[in-house]
> 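The structure under discussion is supplied below as structure tokens; questions concerning it will follow.
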Amino acid sequence: MSGSESGRRLSVETEDLTLSVDGVDAAVRATGRRLFVEVDSVGDALRIARRLPAESVSTLATAELVRGGLTAEVRVRGRTVAVAGADARPGPLSHRLDVAPAELRLAGVVGAGYAGLSAEVRRARRLFA
């Protein structure tokens with residue numbers, strides 16, 4: 001390990017990794033310094049969030065992401081709903097909901113919710129067509 005790499009202790013390389021939390025499966029992939037955790041619905045993302053470890057463990061995990069220069073994104077239907085780690089920029093909503101240092105992206109949550117609702121409407125139309 002070179003001197004420039006010594007500060008970056010954490011490295012993640014994935015290929016077809018699945019994370020299961022409380023019956024929810026999430027696909028995990030990495031590109032460069034960014035991890036993507038993909039779930040099917042906003043409800044699934046919330047269920048995973050509720051099962052996160054105690055605050056001290058979550059804080060340590062976030063600190064390790066930052067120290068390693070990594071960023072983790074939680075995505076629902078291709079939309080980023082939360083960001084943790086080096087590139088997270090928590091705003092007023094994150095502070096109000098007491099999830100900082102994670103960044104919540106309201107536009108992503110709304111977009112994912114709309115996409116889910118639209119998918120259900122399309123499925124219902126196919127049933128009655």
> Just checking, is any N or O donor in the side chain of D25 or S20 under 3.5 Å from an acceptor N or O on the other one?
yes
> With rounding to the nearest 0.5 Å, note down the distance linking CZ in R47 to CZ in R51.
9.5 Å
> Which heavy atom in V42 sits nearest to a heavy atom in A112, and how many Å separate them?
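Scanning both residues completely, I find the closest heavy atoms to be CG2-CB, 3.9 Å.
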> For a quick test of reading the model, state the closest non-hydrogen atom pair linking A86 to G69 and the distance between them.
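Closest heavy-atom pair between A86 and G69: CB-C, 3.8 Å.
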> Where do A30 and L35 come nearest, in terms of heavy atoms and distance?
CB-CD2, 3.8 Å
> Verify side-chain contact (heavy atoms from CB on, under 4.5 Å) between E38 and R29, making sure each step is shown before the conclusion.
CA-CA 8 Å; E38 306 265 353; R29 63 184 176 82; 3.7 Å; yes
> Can you tell whether the side chains of E103 and R105 come within less than 4.0 Å, N to carboxylate O?
yes
> May I ask whether Y114 and V76 are part of the same hydrophobic cluster, defined by side-chain heavy atoms of I, L, V, M, F, W, Y residues being less than 4.5 angstrom apart, directly or through others?
no
> Identify the heavy atoms of A45 and V74 that sit nearest to each other, and give their distance.
CB-CG1, 4.3 Å
> Suppose we screen for side-chain hydrogen bond (donor to acceptor under 3.5 Å, both in side chains). Which residues come up paired with R89, at least two apart in sequence or across chains?
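R89: no side-chain hydrogen bond (donor to acceptor under 3.5 Å, both in side chains) contacts found.
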> Do you know which two heavy atoms are closest between L65 and A72, and how far apart they sit?
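It is CD1-CB, 4.1 Å.
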> Indicate yes or no: does D87 engage R33 in a salt bridge with an N to O separation below 4.0 Å.
no
> Side-chain heavy atoms under 4.5 angstrom apart, residues restricted to Ile, Leu, Val, Met, Phe, Trp, Tyr: same cluster for L70 and V66?
no
> Return each pair, listed once, that meets side chain to side chain donor-acceptor pair (under 3.5 Å) where at least one residue sits in residues 91-102; pairs must be two or more places apart or across chains.
none
> How long is the gap from CZ on F36 to CZ on R75, to the nearest 0.5 Å?
6.0 Å
> Would you mind listing the cluster partners of L97? Hydrophobic ones only (ILVMFWY), side-chain contacts under 4.5 Å, chaining allowed.
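L93, V99, L104, L106, V110, all in the cluster of L97.
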> Using every non-hydrogen atom in the two residues, find where R77 and D40 come nearest and quote the distance to one decimal.
NE-O, 3.5 Å
> Side-chain heavy atoms under 4.5 angstrom apart, residues restricted to Ile, Leu, Val, Met, Phe, Trp, Tyr: same cluster for V83 and V109?
no
> Could you grab the distance from atom CD of E64 to atom OG1 of T59, nearest 0.5 Å is fine?
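Separation between the atoms: 12.0 Å.
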> Report yes if the side chains of S118 and V121 come closer than 4.5 Å at any heavy-atom pair, otherwise no.
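Not in contact.
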